[in-house]
Amino acid sequence: MYFDNAATTPVLAEILEEAEAYLLGFANPSSKYNIGQSVKDKINQVRADVALLIGASNPENIIFTSGATESNNTAIKGFYEKWSELNHHYITTSVEHPSVLKTIENLATRGKIKATYLPPATVCDLEELNFQIAKKKATFLSVMMVNNETGQKFPIQEIGEMAAQHNCFFHVDATQGISKVKVNVEDLNIDALTFSGHKIFAPKGAGVLYLKDTLSIEPLLHGGGQERGLRCGTENVFAILAMGVAVRYILKYEDKINQHYKACKDYFISMLNQYNIPFHLNEKDAVNSILSIRFPFIKGDALMEFLDFKHNIMISTGSACGSNKKSNDNKTVLGAMGFSESEIRKTVRISFGVHTKMKDIKLLVLGIKNVFSLYGQYEYS
Amino acid sequence: MYFDNAATTPVLAEILEEAEAYLLGFANPSSKYNIGQSVKDKINQVRADVALLIGASNPENIIFTSGATESNNTAIKGFYEKWSELNHHYITTSVEHPSVLKTIENLATRGKIKATYLPPATVCDLEELNFQIAKKKATFLSVMMVNNETGQKFPIQEIGEMAAQHNCFFHVDATQGISKVKVNVEDLNIDALTFSGHKIFAPKGAGVLYLKDTLSIEPLLHGGGQERGLRCGTENVFAILAMGVAVRYILKYEDKINQHYKACKDYFISMLNQYNIPFHLNEKDAVNSILSIRFPFIKGDALMEFLDFKHNIMISTGSACGSNKKSNDNKTVLGAMGFSESEIRKTVRISFGVHTKMKDIKLLVLGIKNVFSLYGQYEYS
Amino acid sequence: MYSDKIIAHFTAPRNVGSLDDFDVEFELGNPACDDRVQVQLKLSKDGKTVEDIRYKAYGCATSLATASIFSSCIKEKSLDEIRGFREKYPELLGELEPKQMHCLDILKELFDKTLNLNQHVL
Amino acid sequence: MYSDKIIAHFTAPRNVGSLDDFDVEFELGNPACDDRVQVQLKLSKDGKTVEDIRYKAYGCATSLATASIFSSCIKEKSLDEIRGFREKYPELLGELEPKQMHCLDILKELFDKTLNLNQHVL
Ligand SMILES: Cc1ncc(COP(=O)(O)O)c(C=O)c1O
Ligand SMILES: Cc1ncc(COP(=O)(O)O)c(C=O)c1O
């Protein structure tokens with residue numbers, strides 16, 4: 001049983017069924033013969049569907065990349081490279097995904113830009129944020145739509161208006177937001193929006209970079225002119241077409257998907273209560289699909305491993321991406337939110353997906369109950 | 001029938017059969033539970049196999065990317081970024097793939113480096129190349145293993161020795177070389193070697209960057225620490241594992257594959273002669289799988305379209321990547337080799353793959369013969 | 001990208017070749033894009049009808065199709081009829097993409113050369 | 001990453017809980033990584049055998065397994081036997097990865113606290 005949908009989602013059955021067909025339609029979309037051209041048409045259909053999903057009126061503003069990491073790097077570095085003669089000050093939250101944080105840090109430590117990392121509470125305090133943008137004369141503001149470790153939603157609408165007033169480029173990492181939060185890039189005043197296909201039921205290998213103005217950045221990958229020169233390299237046809245299937249699925253079922261997430265969360269919490277299992281939610285204002293939760297009687301690592309070894313249930317501590325980092329490093333998100341070391345050590349992330357079944361959630365709770373009965377006797381504080 | 005294997009190859013049947021299994025083993029390789037870890041182990045097995053294929057003694061020097069374009073951009077920009085305080089002079093050939101050429105051009109037009117583009121004849125004239133490297137105090141030399149439009153092989157061994165003597169970083173784009181030319185990066189004195197999975201029978205979405213010294217460059221994509229921080233972003237598990245299947249296939253059958261290419265070329269040429277179809281090969285010292293060929297009686301575009309419309313046979317004019325560029329632009333390779341406008345207009349690229357059958361080659365020649373009988377009467381010069 | 005008509009004529013051109021016995025011969029070409037057509041016409045005794053036509057061509061798909069369309073259009077037609085076609089020549093090739101437009105010039109020139117027959121009589 | 005022995009004890013720990021009637025009680029912990037174990041022992045009348053043991057623990061998987069392995073190792077054993085185990089304690093946990101090594105210290109301390117019984121008699 002899989003409760004780590006924030007790391008990567010299972011692939012939709014529709015995609016698996018078509019996988020071989022997509023892979024056999026292998027032609028290079030830049031080839032001039034008919035099959036090459038029809039592959040190109042199919043890719044452009046996905047572009048139109050993505051535009052619809054995020055409320056972009058012109059599909060040409062959608063660029064396909066290899067994933068959110070590349071999209072984020074392209075937006076962040078590309079904006080600097082395009083306007084490198086300006087004095088840049090980038091403002092972001094201290095809880096961004098590393099593909100935002102480390103990229104901004106990299107520019108900053110190389111002396112190319114100044115950077116400010118604001119704790120989430122400051123970002124949500126709009127007056128304070130406004131003050132910071134004005135004081136730092138920020139050129140670039142990057143705020144994620146939904147945090148990947150806690151599920152916290154950020155007030156993108158208000159921040160977007162503020163960025164527009166200050167004429168500050170506004171980048172939103174929507175990787176954890178798509179399918180969970182309704183997005184309209186134009187209403188939200190977003191200059192660049194990024195996400196990954198594999199977090200929304202498609203396979204790994206394709207991501208999106210929306211740009212309000214494609215001339216606002218310098219491309220990161222130069223070459224054969226694909227994606228109108230904005231992202232060169234032979235298109236990952238299979239991953240893009242598969243992402244198209246996922247996008248159309250979301251367009252059709254978005255409300256149902258979100259009702260399902262809410263049902264999952266409600267059921268999980270009610271079952272924990274029913275079995276008198278003590279727990280604390282780290283974030284109240286989170287999307288329904290991601291729970292950052294701690295159980296006072298067991299360390300998060302140990303709970304994850306117990307459920308994995310004994311019950312074949314997969315949950316996560318922190319985000320998957322964090323696990324490549326040194327152990328102290330992956331606590332930044334909760335640390336930035338003010339949680340203690342001991343609370344952070346107890347925290348696990350449980351994330352639901354469209355494939356999650358109520359009976360799986362019941363087994364998850366029974367697994368936790370098992371841990372509680374074995375280890376719940378220590379007089380925890 | 002498909003004769004454009006230099007653009008992208010059909011996917012091996014073994015990969016298609018396993019595609020669903022790979023896609024179902026969807027876990028994020030950075031996840032800490034068992035399945036995530038076993039996915040990571042499988043990726044590392046591919047790393048070891050790639051190392052074996054290219055003669056790298058340490059698999060840790062292999063980095064997986066989204067494709068050759070990203071690998072090339074990473075090597076070229078990453079080397080500059082790492083040593084940006086030096087006075088850089090990059091030397092390359094004027095017939096490189098755009099993912100090398102445009103990337104170097106981009107650095108040069110932005111004033112970051114100086115760059116020299118040498119015609120292929122100059123690069124193959126080792127004395128002249130030696131003189132150029134010394135005179136320009138070159139810091140970076142990029143020479144492709146095999147040209148993608150003509151199949152021309154470059155003398156990588158000799159050039160590698162020269163680069164080493166001059167202490168010049170040596171990058172080799174081996175995208176069209178792998179499976180056709182035996183590669184041993186250590187014997188060849190190569191500092192960085194790049195290629196794409198989809199040109200060697202795997203699906204699009206994975207590429208390789210070999211680095212003799214992983215500290216020699218600054219990474220291009222920052223983020224969650226994947227690929228030991230050298231290429232961040234959730235790994236494209238499916239594309240990497242599929243590339244592993246292709247790499248093992250090549251390790252096993254390399255000699256047979258090359259015998260097959262030779263048989264294809266010999267048969268094709270002998271059939272053209274048998275039917276008295278006039279033709280000229282643009283390059284004599286080419287790999288057997290790529291033919292740059294012109295038929296005096298028809299323009300290349302027209303031949304390509306005729307075969308596509310009438311016989312459902314796919315060949316190419318120039319390389320696929322060129323077709324996104326303005327029409328005059330995609331003649332640089334043959335132009336740089338000294339061919340006239342009129343010769344270039346007549347040129348097509350026919351490229352064989354492991355799936356190519358002799359009977360398909362016969363049908364290709366019959367198709368060309370058909371064109372010859374319809375259009376061969378114009379008194380061409 | 002190509003209309004069915006262009007594809008049909010390009011992949012199965014009509015009247016390609018040469019005549020043993022012809023009255024008029026001319027060649028035209030577009031040096032910029034290297035398209036060329038050589039035409040031979042056999043006229044009726046009174047000189048008012050094109051009894052037969054053969055041509056040889058070299059060029060892009062559309063220009064090759066243009067020559068074929070032209071040939072089948074004027075074959076066994078009177079000069080008056082041909083003048084009629086000349087007037088509506090832009091319709092003869094069907095829908096064209098921008099990069100195919102230069103073939104309209106070729107077609108027009110083919111008509112013009114045919115209708116100014118005298119200039120080219122051998 | 002984990003040996004079978006660690007997994008077996010971690011997922012089904014032996015002797016967890018508390019004793020109504022015990023002779024010795026001690027607690028130990030590693031403040032750096034926040035591992036803690038509370039132990040209760042019931043000794044034989046002559047004080048030379050551990051008749052029963054119960055413990056409660058909090059910590060990483062390996063430290064939880066360590067407490068369980070320790071408990072099943074000393075239960076119903078004489079102090080002499082326990083001293084024997086104490087001598088070869090590094091073998092008791094099986095193969096460990098570097099990040100699990102700190103549990104050897106916990107195990108050693110568990111033995112030491114047990115063998116210095118007198119200090120802890122209530
Ligand atoms: C919020 C957020 N941004 C960016 C990423 C990076 O996505 P990817 O690894 O697909 O490049 C992730 C996931 O890893 C994420 O959760
Ligand atoms: C020689 C060469 N280098 C690089 C590339 C770029 O490969 P990709 O499009 O997979 O990034 C290609 C093919 O397009 C190529 O032929």
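Heavy atoms only: backbone and side chains are in, while hydrogens, waters and symmetry mates are out. The sequence lines fix the lettering, A, B, ..., with proteins before strands; numbering per chain opens at 1. Not measured: the values here are computed from a predicted model.
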* Asked: Have B:H171 and B:T194 got a donor and an acceptor in their side chains that come within less than 3.5 Å?
  -> yes
I'd like a table of donor-acceptor pairs (distance under 3.5 Å, sequence neighbours excluded) in which one partner is a side-chain atom from residues 303-315 of chain B, with atom names and distances.
residue, atom, partner, partner atom, Å
B:E305, OE1, C:Y2, OH, 2.7
B:E305, OE2, C:Y2, OH, 2.8
B:D308, OD2, A:N34, N, 2.8
B:D308, OD2, A:N34, ND2, 3.2
B:K310, NZ, C:T11, O, 3.1
B:H311, NE2, B:N370, ND2, 3.3

* Asked: Would the number of heavy atoms belonging to other residues, nucleotides or ligands and lying under 6.0 Å from NZ of B:K112 be above 12?
  -> yes
* Structure fact -> Answer key: most heavy-atom pairs under 4.5 Å with chain B among A:C232, A:P203, A:G67, A:A19 is A:C232
* To do: Give, as side chain, backbone, both or neither, the part of A:N236 having an atom under 4.5 angstrom from any heavy atom of chain B.
  => both
* Trace of the side chain to side chain donor-acceptor pair (under 3.5 Å) decision for A:T103 with B:H222 -> CA-CA 5 Å; A:T103 308; B:H222 305 273; 5.5 Å; no
* Asked: For A:D301, is it the side chain, the backbone, both or neither that has a heavy atom under 4.5 Å from a heavy atom of chain B?
  -> side chain
* Heavy-atom proximity to chain A below 4.5 Å, by part of B:R231 -> side chain
* Asked: Are B:F238 and A:F238 near enough that their ring centres are under 6.0 Å apart?
  -> yes
* In terms of heavy-atom proximity below 4.5 Å to chain B, should A:A239 be classed as side chain, backbone, both, or neither? -> neither
* If you round to the nearest 0.5 Å, how far is CD1 of B:I15 from CE of B:M243? -> 10.0 Å
* Structure fact -> Looking only at B:G229, B:G233, B:A242, the option with the highest number of non-hydrogen pairs under 4.5 Å against chain A is B:G233
* To do: Go through the structure and list residues passing side chain to side chain donor-acceptor pair (under 3.5 Å) with A:E218, not counting sequence neighbours.
  => B:N106, B:R110
* **Which of A:L101, A:L220, A:N72 touches chain B most, by non-hydrogen pairs under 4.5 Å** => A:L220
* Asked: What part of B:S196 is in contact with chain A, defined as an atom under 4.5 angstrom from a non-hydrogen atom: side chain, backbone, both or neither?
  -> neither
* Top residue by heavy-atom pair count (under 4.5 Å) with chain A, among B:K77, B:E70, B:E81? -> B:E81
